K.L.:
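Take this structure, written in structure tokens, and hold onto it; I'll ask about it next.
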Amino acid sequence: MSRIRARDTLRTTALAGTAVLTAALTACSGGGSSAGDPGQDGKGGGDAKPETRISVNLTGKQAKPGEPVKVTLADGRLAQVTVTDSKGATLDGKVSADGKSWTSARNAAPGTGYTVEARDANGGTAKADFATAAPEKVNKLTLAPGKNTTVGIAHPLSIVFDHPVKNKADVEKALKVTTSNNTEGSWGWMQDWSGKDRIDWRPKEYWKPGTKVTLDARLNGVDSGADGGWFVRDYQTGFTVGRNQVVKVDLDGHRLKLMRDGQLVKDIPMSAGTPGGEKASWRGKTVLMSKEGTINMRSETVGLGDAYDKMVDYSMRLTWSGMYAHAAPWNAAYMGSANKSSGCIGMTDADAKWVYEQVQVGDPFEVEGDDAKGTQALNNGYGEWNLSWAEWQAKSALR
């Protein structure tokens, strides 16, 4: 028996805007015929396998980004397709049930070169290259809490975008939250205090201590929409939930209580915002955003004229509008008896120091009482805990 080996070859042509790849298959023939010899009756070449024709939907050097890569086979069945970008990363995908096509699970990213390598069930191979057009604008984001941090039981996952997000559903679909105990939660959209688009992921109830949370934001190749630009990278972060701790603030009783695992740890006298005007405190379930230590507080920054300009110790931020819990020794005469501050929750130096050392960023401060100017707004810090679960779910773009 003679053995004739046909070397794999590749032709790339254009057909209706699609790259067409043709590969000759390796072939063996029996008897005295070969792949290049039709035999005496002119039909002996029937043992040679036919050419394989494969098309790719994206072509050239300025292909449109934001679409999945699709590879289609004219005859036979696809066995494997690999799409690799210019950085060596691959796009996952799936062959259709009939074996005729392969589609990537993710979209092609802007400003990226790709190499497509396909193999059919008979061993034929084909290869092609294309590149997507560069983005005119790139969207980026800021994540909270920080990576590998430990936070309190009320801290949401929060994302603030640099540019507007009109395609909210597309962006939300690319955000995957995984927890170590299958915590139920939902994304919700809002406009951040800064005026930028923001999306938070809040559990139905406060986190369970010890929960590990990860975010896989597979945004590379997602279009924000008009004026927003493209995302050109993925983002990952993760954090751990710390101890079960709640700070309860009673505006009318002038007391602050630190609760841990449902048990009272300490009951502290305090003086909150003066009721009846803009100096009153916000009530509601707020979240400790940051522990800022000693800072300069100036009344003009919160719209209160020149009422004060002080260096303030043990400052714990609760809202973007300037509500803090902190040391306020100048107000000691009113602690436990009256609310006489300019909106913050004031304590003695010793008590504020103790609270500052005990609390975690992400601890809930549950502020109750009639001596308030209203309920903290959704975007004024982390105000989502003031919405019912149904109200919060309704803020998802996928509902």
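Note that the structure is predicted; figures quoted are calculated from it, not measured. Numbers here are sequence positions counted from 1.
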K.L.:
Give a yes or no answer on whether the side chain of Ser396 reaches the backbone of Gln393 with a donor-acceptor pair at less than 3.5 Å.
P.N.:
no

K.L.:
So, applying side chain to side chain contact (heavy atoms under 4.5 Å, CB included) with Val71, which one of Thr82, Val81, Leu58 is it?
P.N.:
Val81

K.L.:
Let me check something: do Met347 and Trp282 share a hydrophobic cluster, defined by ILVMFWY side-chain heavy atoms less than 4.5 Å apart, either directly or through other members?
P.N.:
yes

K.L.:
Are any of the side-chain heavy atoms of Arg198 and Phe161 separated by less than 4.5 Å?
P.N.:
no

K.L.:
Is the count of non-hydrogen atoms from other residues, nucleotides or ligands lying under 6.0 Å from Lys266 atom NZ greater than 12?
P.N.:
yes

K.L.:
Between Tyr382 (side chain only) and Thr286 (backbone N and O only), is there a donor and an acceptor less than 3.5 Å apart?
P.N.:
no

K.L.:
Could you report the tightest heavy-atom contact between Lys166 and Gly225, atom names first, then the distance?
P.N.:
CB-CA, 4.1 Å

K.L.:
Short question: side chain of Thr90, backbone of Val83 - any donor-acceptor pair under 3.5 Å?
P.N.:
no

K.L.:
Counting distance only, does the side-chain N/O of Gln245 pair as donor-acceptor with the main-chain N or O of Pro364 below 3.5 Å?
P.N.:
no

K.L.:
Please identify which of these residues, Trp187, Trp201, Trp189, meets the side-chain hydrogen bond (donor to acceptor under 3.5 Å, both in side chains) condition with Glu172.
P.N.:
Trp189

K.L.:
Answer yes or no: is there a donor N or O on one side and an acceptor on the other, between the side chain of Thr179 and the main chain of Thr183, under 3.5 Å?
P.N.:
yes

K.L.:
If you look at every heavy atom in Ala280 and Pro275, which pair is closest and at what distance?
P.N.:
CB-CA, 4.0 Å

K.L.:
As an exercise, state the distance from CG of Leu219 to CZ of Arg233, rounded to the nearest 0.5 Å.
P.N.:
9.5 Å

K.L.:
Taking the basic N atoms (NZ, or NE/NH1/NH2) and the acidic carboxylate oxygens, is any pair closer than 4.0 Å for Lys248 and Asp250?
P.N.:
no

K.L.:
Quick check for you: to the nearest 0.5 Å, what is the distance between Met190 atom CE and Leu378 atom CG?
P.N.:
4.0 Å

K.L.:
Quick check: do Val69 and Leu91 have side-chain heavy atoms less than 4.5 Å from each other?
P.N.:
yes

K.L.:
Are any side-chain N or O atoms of Asn181 and backbone N or O atoms of Thr211, one a donor and one an acceptor, separated by less than 3.5 Å?
P.N.:
no

K.L.:
Would you kindly say whether Ser341 and Asn331 are connected by a side-chain donor-acceptor distance under 3.5 Å?
P.N.:
no

K.L.:
Output, in order, the C-alpha distance, side-chain angles, deciding distance and verdict of salt bridge (Lys or Arg N to Asp or Glu O under 4.0 Å) for Arg106 and Asp85.
P.N.:
CA-CA 12 Å; Arg106 300 187 61 180; Asp85 68 22; over 6 Å; no

K.L.:
Measuring only between side-chain heavy atoms, which start at C-beta, is Tyr235 closer than 4.5 Å to Lys140?
P.N.:
yes

K.L.:
State whether the number of non-hydrogen atoms from other residues, nucleotides or ligands found under 6.0 Å of Gln236 atom CD is greater than 12.
P.N.:
yes

K.L.:
Does Tyr206 share a hydrophobic cluster with Val213, counting links as ILVMFWY side-chain heavy atoms below 4.5 Å and allowing steps through other members?
P.N.:
yes

K.L.:
Hey, are Ser388 and Glu391 close enough side-chain-wise for a donor-acceptor pair under 3.5 Å?
P.N.:
yes

K.L.:
Is there a donor-acceptor pair under 3.5 Å between the side chain of Asn380 and the backbone N or O of Trp320?
P.N.:
yes

K.L.:
Just checking Lys70: does its NZ atom have more than 12 heavy atoms from other residues, nucleotides or ligands closer to it than 6.0 angstrom?
P.N.:
no

K.L.:
Working to the nearest 0.5 Å, report the span between CD1 of Ile295 and OH of Tyr314.
P.N.:
14.0 Å

K.L.:
Considering all heavy atoms of both residues, which atom of Ala169 and which atom of Ala397 are nearest to each other, and what is their separation?
P.N.:
N-CB, 3.8 Å

K.L.:
With no hydrogens and no angle check, is any side-chain donor or acceptor of Asn167 less than 3.5 Å from a backbone partner on Asp223?
P.N.:
yes

K.L.:
Is Asp363 paired with Lys291 through a side-chain N to carboxylate O contact shorter than 4.0 Å?
P.N.:
no

K.L.:
Anything under 3.5 Å between a donor and an acceptor, one on a side chain of residues 132-139, the other on a protein residue two or more places apart or in another chain? List them.
P.N.:
{"residue": "Thr132", "atom": "OG1", "partner": "Ala109", "partner atom": "O", "Å": "2.5"}
{"residue": "Thr132", "atom": "OG1", "partner": "Gly111", "partner atom": "N", "Å": "3.1"}
{"residue": "Thr132", "atom": "OG1", "partner": "Thr112", "partner atom": "N", "Å": "3.0"}
{"residue": "Thr132", "atom": "OG1", "partner": "Thr112", "partner atom": "O", "Å": "3.2"}
{"residue": "Lys137", "atom": "NZ", "partner": "Asp227", "partner atom": "O", "Å": "3.1"}
{"residue": "Asn139", "atom": "OD1", "partner": "Asp162", "partner atom": "N", "Å": "3.4"}
{"residue": "Asn139", "atom": "OD1", "partner": "His163", "partner atom": "N", "Å": "3.0"}
{"residue": "Asn139", "atom": "ND2", "partner": "His163", "partner atom": "O", "Å": "3.3"}
{"residue": "Asn139", "atom": "ND2", "partner": "Ser224", "partner atom": "OG", "Å": "2.9"}

K.L.:
What's the spacing between Asn220 CG and Arg218 CZ if we round to 0.5 Å?
P.N.:
10.0 Å

K.L.:
If you round to the nearest 0.5 Å, how far is CG of Asp370 from CZ of Arg283?
P.N.:
6.5 Å

K.L.:
Report yes if some heavy atom in the side chain of Phe239 is under 4.5 Å from a heavy atom in the side chain of Trp207; otherwise report no.
P.N.:
yes

K.L.:
Report the relative orientation of the aromatic rings in Phe130 and Tyr114; use parallel for angles under 30°, tilted for 30 to 60°, perpendicular for over 60°.
P.N.:
parallel

K.L.:
Taking side-chain contact (heavy atoms from CB on, under 4.5 Å) as the definition, give me every residue that meets it alongside Val247, ordered by chain and number, with sequence neighbours left out.
P.N.:
Val249, Leu256, Leu258, Val359, Phe365

K.L.:
What is the distance from atom CG of Leu141 to atom CG of Asp197, rounded to the nearest 0.5 Å?
P.N.:
12.0 Å

K.L.:
Are side-chain N/O atoms of Asp200 and Ser158 paired as donor and acceptor at under 3.5 Å?
P.N.:
yes

K.L.:
Within the 4.5 Å heavy-atom criterion, are Trp385 and Val287 side-chain neighbours or not?
P.N.:
yes

K.L.:
Evaluate the side-chain proximity of Asn339 to Tyr334: yes if any heavy-atom separation is below 4.5 Å, no if none is.
P.N.:
no

K.L.:
For the NZ atom on Lys373, are there more than 12 heavy atoms of other groups (residues, nucleotides or ligands in this structure) within a distance under 6.0 Å?
P.N.:
yes

K.L.:
Less than 4.5 Å apart, side chain to side chain, heavy atoms only: is that true for Ser281 and Leu251?
P.N.:
yes

K.L.:
Mind checking whether Ile159 and Thr142 have side chains closer than 4.5 Å, heavy atoms only?
P.N.:
no

K.L.:
How close do Leu318 and Ala325 get, counting heavy atoms only, and between which atoms?
P.N.:
CD1-N, 4.2 Å

K.L.:
Would you confirm whether Asp120, through its side chain, and Arg77, through its main-chain N or O, come within 3.5 Å as a donor-acceptor pair?
P.N.:
no

K.L.:
Take atom NZ in Lys257; do more than 12 heavy atoms of anything else shown fall under 6.0 Å from it?
P.N.:
no

K.L.:
Nearest heavy-atom pair of Ile153 and Gly242: which atoms, and what distance?
P.N.:
CG2-O, 4.3 Å

K.L.:
Between Arg255 and Asp267, is a salt bridge (Lys or Arg N to Asp or Glu O under 4.0 Å) present by the stated rule, with each step listed?
P.N.:
CA-CA 7 Å; Arg255 310 296 297 189; Asp267 185 343; 3.0 Å; yes

K.L.:
Show the nearest heavy-atom pair for residues Asp351 and Pro269, with the distance to one decimal.
P.N.:
OD2-CD, 4.0 Å

K.L.:
Between Arg317 and Glu292, does any NZ, NE, NH1 or NH2 come within less than 4.0 Å of an OD or OE carboxylate oxygen?
P.N.:
yes

